[in-house]
Protein chains: 2
Amino acid sequence: MVQNSVRTLQAQGYKATKPRKLVLEVLEEIERPLSPYDIQGILHARGKHLNHVTVYRILDLFCRLNLAHKMLSSGGFVKCSLDAVEGCHRFMVCQDCGAIQEFADEGLCQGENRFARNLGFHTEHHLSEFAGLCSRCYGRQPQLTE
Amino acid sequence: MVQNSVRTLQAQGYKATKPRKLVLEVLEEIERPLSPYDIQGILHARGKHLNHVTVYRILDLFCRLNLAHKMLSSGGFVKCSLDAVEGCHRFMVCQDCGAIQEFADEGLCQGENRFARNLGFHTEHHLSEFAGLCSRCYGRQPQLTE
DNA sequence: ACCTAATTGCAATATTGTTGCATTTATTCC
DNA sequence: GGAATAAATGCAACAATATTGCAATTAGGT
Ligand SMILES: [Mn+2]
Ligand SMILES: [Mn+2]
Ligand SMILES: [Zn+2]
Ligand SMILES: [Zn+2]
């Protein structure tokens, strides 16, 4: 929850400001990728008015601290749910409900590293997202409009 | 080469126009991800003036036909070098020289599918990019400025 | 060479992202 | 609790990127 991220912020010498906590709350509550303007809009609807510049700067910081991630497929931001995990953080993205689930797996990394090495490529890290259907959505009517 | 993509265009009922061929040439020649405005600029410097709207529309089409891909990490566009390959097209991105190498591997897909299935996720396709150093750049001085 | 649908260019607009600087705020120390 | 102060935010202006409708052009078929 938010309290964890607040501790991380302070441990790294950053202030736990009201705007930062608000953004954390939204990311935690809405478990789907959100753009900076999405976040601003959601908070605005709740009577909390943040400047978009502030939202951008907060998301930048969160990504640097690995408190959040920028999704590759959509460019939206999600809260990191693997705070303590070293190595590559990855995602499964439900094409129906839009939910994302974060995971990490050393086995996948090793397989990918081995594969790349055979082609003479020295891997630093892996970006990957699986697109498909989450367990709740599999075998149901589609929800997402796009 | 370009001629292949031209055939694909025509086979699908699209015209092989001068702007489309120019964009194909650039993507084929510069084997690094390019933004729409990058492409426009490169062509402009060669005396070929395309409207940016045209470049956007061409890249949209190319992506729909899998003649090109939009890179996840950078948002830039590259020419697909696996024209005939079914399944997931993936990339290794050199962090030094910026070169990209496209590949596909059924084994990786299967491993990922199995992993996801264990978590109740039904995978449709995989997006993935490996970041690291290509064989030429490994053990050399850095080139890229950023 | 002509016809026609497809494609492009243009102009206007919308959206997204960035920068410098004045103002405010969270933390430290008393 | 009340300063002091460095960090963070808001504001304004701007820059870059992306989208739309419509008129002009062009590629491919006859
Ligand atoms: Mn994470
Ligand atoms: Mn490809
Ligand atoms: Zn779902
Ligand atoms: Zn390289």
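Here the structure is a predicted model, which is why all the values come from computation and not from measurement. Throughout, protein chains are lettered first and strands after them, A, B, ... in sequence-line order, and every chain is numbered starting at 1.
OP1 and OP2 of C/dT16 both lie 4.0 Å or more from every side-chain N or O belonging to A/Y37. Distances shorter than 4.0 Å separate none of the side-chain N or O atoms of B/T54 from OP1 or OP2 on C/dT7.
Around atom CZ of B/R46, more than 12 heavy atoms belonging to other residues, nucleotides or ligands sit under 6.0 Å away.
Taking the six-membered ring for Trp, B/F121 and A/F103 have ring centres at least 6.0 Å apart.
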Please report the C-alpha distance between B/E102 and B/H89 in whole Å, then the side-chain angles of each, then the deciding distance to 0.1 Å, and finally whether the side-chain hydrogen bond (donor to acceptor under 3.5 Å, both in side chains) criterion is met. CA-CA 7 Å; B/E102 190 171 357; B/H89 293 203; 2.8 Å; yes

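Between the CG atom in B/L67 and the CG atom in B/L27 there is a gap of 10.0 Å [rounded to 0.5 Å].
For B/E28 (side chain) and B/V2 (main-chain N/O), a donor-acceptor pair under 3.5 Å exists by modelled atom type.
Contact annotation for A/R20: backbone-only contact, meaning every heavy-atom pair under 4.0 Å involves sugar-phosphate atoms and none involves a base.
In this entry the distance linking OH of B/Y56 with P of C/dT13 reads 19 Å, nearest Å. In this entry the distance linking NZ of A/K70 with P of C/dT16 reads 12 Å, nearest Å. To the nearest angstrom, P of D/dA8 lies 15 Å from CG of A/L50. Atom pair A/D60:CG and C/dG17:P shows a separation of 10 Å (rounding to whole Å applied). Look at NZ on B/K21: it is 12 Å from C1' on D/dT26, rounded to the nearest Å. Rounded to a whole Å, the CD atom of B/Q10 is 12 Å from the C1' atom of D/dG29. Whole-Å rounding puts the B/I58 CD1 to D/dA18 P distance at 15 Å. Residue B/Q40 contributes atom CD, which lies 12 Å from atom C1' of C/dG9 at whole-angstrom precision.
Position along DNA chain C of the nearest nucleotide to B/V53 versus B/K18 favours B/K18 as the more 5'-ward residue. Heavy-atom distances to DNA chain D give each of B/T17 and A/T17 a nearest nucleotide, and the one nearer the 5′ end belongs to A/T17.
Among the nucleotides D/dA18, C/dT27, C/dG17, the one closest to the side chain of B/P36 is D/dA18. Closest to the A/R57 side chain, of the nucleotides C/dT19, D/dA27, C/dG9, is C/dT19. Here the nucleotide nearest the side chain of B/K15, chosen from C/dA5, D/dA6, D/dT9, is C/dA5.
No hydrogens or angles were tested; on distance alone, nothing pairs the side chain of A/H52 with the base of D/dT9 as donor and acceptor under 3.5 Å.
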